Engineer: 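Please find one structure pasted underneath; my questions will follow.
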Amino acid sequence: MKYYLFGNWKCNPVSAQEAKKLISDTAKSVKRTEKVEVAVFPPFCYLYEVVGKKKEVAVGAQNCCFKEAGAFTGEVSPRQIADLECKYVLIGHSERRKIFSETDSFVNDKTKLALACGLVPVVCVGETDEERTAGRAVEIVTGQIEAGLKDVDAKQVLVAYEPVWAIGTGKACGLAEAREISRMIKEALGSETPVLYGGSANAKNGAVYLKEAGYDGLLVGGASLKADEFAKMFEEIEGLD
Ligand code: PGA
């Protein structure tokens with residue numbers, strides 16, 4: 001069994017010096033093993049500081065342009081990200097969907113282009129609080145998977161289920177609910193697509209999603225900014241059967 005521990009730094013930290021310290025502290029406390037793949041996703045401006053510096057930790061970008069090059073002010077293309085020798089790219093994180101109006105069709109374009117550029121996309125899906133309350137979680141996530149991964153070989157991507165209401169709120173998803181979604185995603189895509197859980201995952205609850213809810217890994221926001229907490233998550237996952 002292969003597990004994944006991914007840290008999404010979001011728009012943090014605010015200096016290159018802090019980014020270098022965070023990658024160095026993170027790398028010190030994790031190991032490169034066959035069993036657990038550790039990756040961090042720093043802001044674009046620090047990718048260069050971080051990528052290739054620590055063999056223990058793979059690196060990914062938090063977003064990419066839907067085009068390879070051209071007149072797209074403010075965008076960074078997957079070709080450029082791959083050229084930096086990053087391995088992964090997050091696509092369709094709920095903050096991109098909500099704040100920057102990214103649609104499933106945009107997610108699909110980016111996913112296909114990222115693959116063509118040699119990156120491994122981590123496609124994020126998840127329902128909002130409103131959608132969940134209306135009993136539509138499975139329907140929403142199914143729709144995001146179908147549209148976002150249309151004409152994509154699912155074996156080449158990772159999927160992160162991140163219920164929007166659980167992100168940064170301290171209200172992690174209950175195991176039964178999380179299990180229902182991991183089962184549904186695996187039924188839709190096949191067992192070869194790793195599925196990660198994200199949303200207020202921490203050292204206390206993280207490994208339980210892998211042990212009891214059918215997930216292959218975690219996409220961690222806030223807790224990935226604390227190297228000691230992230231290290232504990234790594235130890236917990238390393239210790240799984
Ligand atoms: P969180 O964020 O762990 O801070 O809830 C997860 C994410 O948005 O990827």
Side-chain angles (χ1 to χ4, degrees), residues 3-14 18-19 22 26 30 36-44 46-47 50 57-64 86-102 107 110-111 114 120-129 131-132 137 140-141 144-145 148 157-175 177-178 181-182 185 194-210 213 215-234 236-237:
Y3 296 117
Y4 301 83
L5 177 61
F6 286 3
N8 173 12
W9 293 3
K10 307 195 178 186
C11 194
N12 302 290
V14 291
E18 288 166 278
L22 183 55
T26 302
V30 301
V36 191
E37 165 98 343
V38 180
V40 294
F41 296 75
F44 283 128
Y46 305 137
L47 285 177
V50 166
V57 183
V59 176
Q62 297 172 15
N63 179 31
C64 66
C86 289
K87 180 169 181 185
Y88 295 101
V89 61
L90 298 183
I91 297 184
H93 187 280
S94 68
E95 285 146 20
R96 302 290 324 165
R97 292 178 189 260
K98 186 171 162 218
I99 308 169
F100 302 97
S101 308
E102 290 194 7
V107 168
K110 290 183 181 202
T111 302
V120 180
V122 182
V123 179
C124 304
V125 295
E127 81 287 356
T128 63
D129 198 16
E131 290 160 346
R132 174 187 182 226
I140 295 294
V141 174
Q144 288 173 338
I145 296 269
V157 307
L158 283 75
V159 169
Y161 169 58
E162 298 202 299
V164 180
W165 48 271
I167 294 179
T169 57
K171 291 188 244 158
C173 186
L175 289 179
E177 246 174 300
I181 302 278
S182 73
I185 297 175
V195 182
L196 279 52
Y197 169 78
S200 297
N202 56 38
K204 285 207 181 82
N205 65 15
V208 183
Y209 288 96
L210 282 57
Y215 287 85
D216 304 288
L218 300 170
L219 179 55
V220 185
S224 71
L225 299 173
K226 300 178 214 142
D228 51 346
E229 173 107 16
F230 199 63
K232 280 189 205 135
M233 299 176 90
F234 174 79
E236 290 277 331
I237 296 177

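Model, not experiment: these values are computed from the prediction. Hydrogens, waters and symmetry mates are skipped; everything else that's a heavy atom, side chains included, is used. Counting starts at 1 for both ligands and their atoms, following the listed order.
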Engineer: Could you check Lys87 against Glu37 for salt bridge (charged side-chain N to carboxylate O under 4.0 Å, His left out), going step by step and ending with a plain yes or no?
Structural biologist: CA-CA 12 Å; Lys87 180 169 181 185; Glu37 165 98 343; 2.8 Å; yes
Engineer: Between Ser224 and Gly7, what is the shortest heavy-atom contact and its length?
Structural biologist: CB-CA, 3.5 Å
Engineer: For atom 4 (O) of ligand 1, which candidate among Gly222, Gly126, Ser94, Gly7 holds the nearest heavy atom?
Structural biologist: Gly222
Engineer: Determine, stepwise, if the pair Lys10 / Leu225 fulfils side chain to side chain contact (heavy atoms under 4.5 Å, CB included).
Structural biologist: CA-CA 9 Å; Lys10 307 195 178 186; Leu225 299 173; over 6 Å; no
Engineer: Quick one: CZ on Arg97 to CD1 on Ile91, what's the gap to the nearest 0.5 Å?
Structural biologist: 10.5 Å
Engineer: Is the closest heavy atom of Ala223 to ligand 1 under 4.0 Å?
Structural biologist: no
Engineer: With a 4.0 Å cut-off on heavy atoms, is Ser200 touching ligand 1?
Structural biologist: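 Yes, that is the case, since the closest heavy atom of the residue is under 4.0 Å from the ligand.
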Engineer: Would you mind telling me if ligand 1 is within reach of the side chain of Ile167, the backbone, both or neither, using heavy atoms under 4.0 Å?
Structural biologist: both
Engineer: Can you list the ligand 1 atoms lying under 4.0 Å from a non-hydrogen atom of Gly199?
Structural biologist: 5 (O)
Engineer: Between the main-chain N or O of Val141 and the side-chain N or O of Glu127, is there a donor-acceptor pair closer than 3.5 Å?
Structural biologist: no
Engineer: Could you list the atoms of ligand 1 found under 4.0 angstrom from a heavy atom of Gly168?
Structural biologist: 1 (P), 4 (O), 5 (O)
Engineer: Kindly indicate, with the supporting measurements, whether the criterion side-chain hydrogen bond (donor to acceptor under 3.5 Å, both in side chains) is fulfilled by Gln62 and His93.
Structural biologist: CA-CA 8 Å; Gln62 297 172 15; His93 187 280; over 6 Å; no
Engineer: Kindly identify the option in His93, Lys10, Glu162 whose heavy atom sits closest to atom 2 (O) of ligand 1.
Structural biologist: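 Minimum heavy-atom distance to atom 2 (O) of ligand 1 goes to Lys10.
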Engineer: Any N/O of Gly221 closer than 3.5 Å to an N/O of ligand 1?
Structural biologist: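 For ligand 1, there is an N or O atom that lies under 3.5 Å from one belonging to Gly221.
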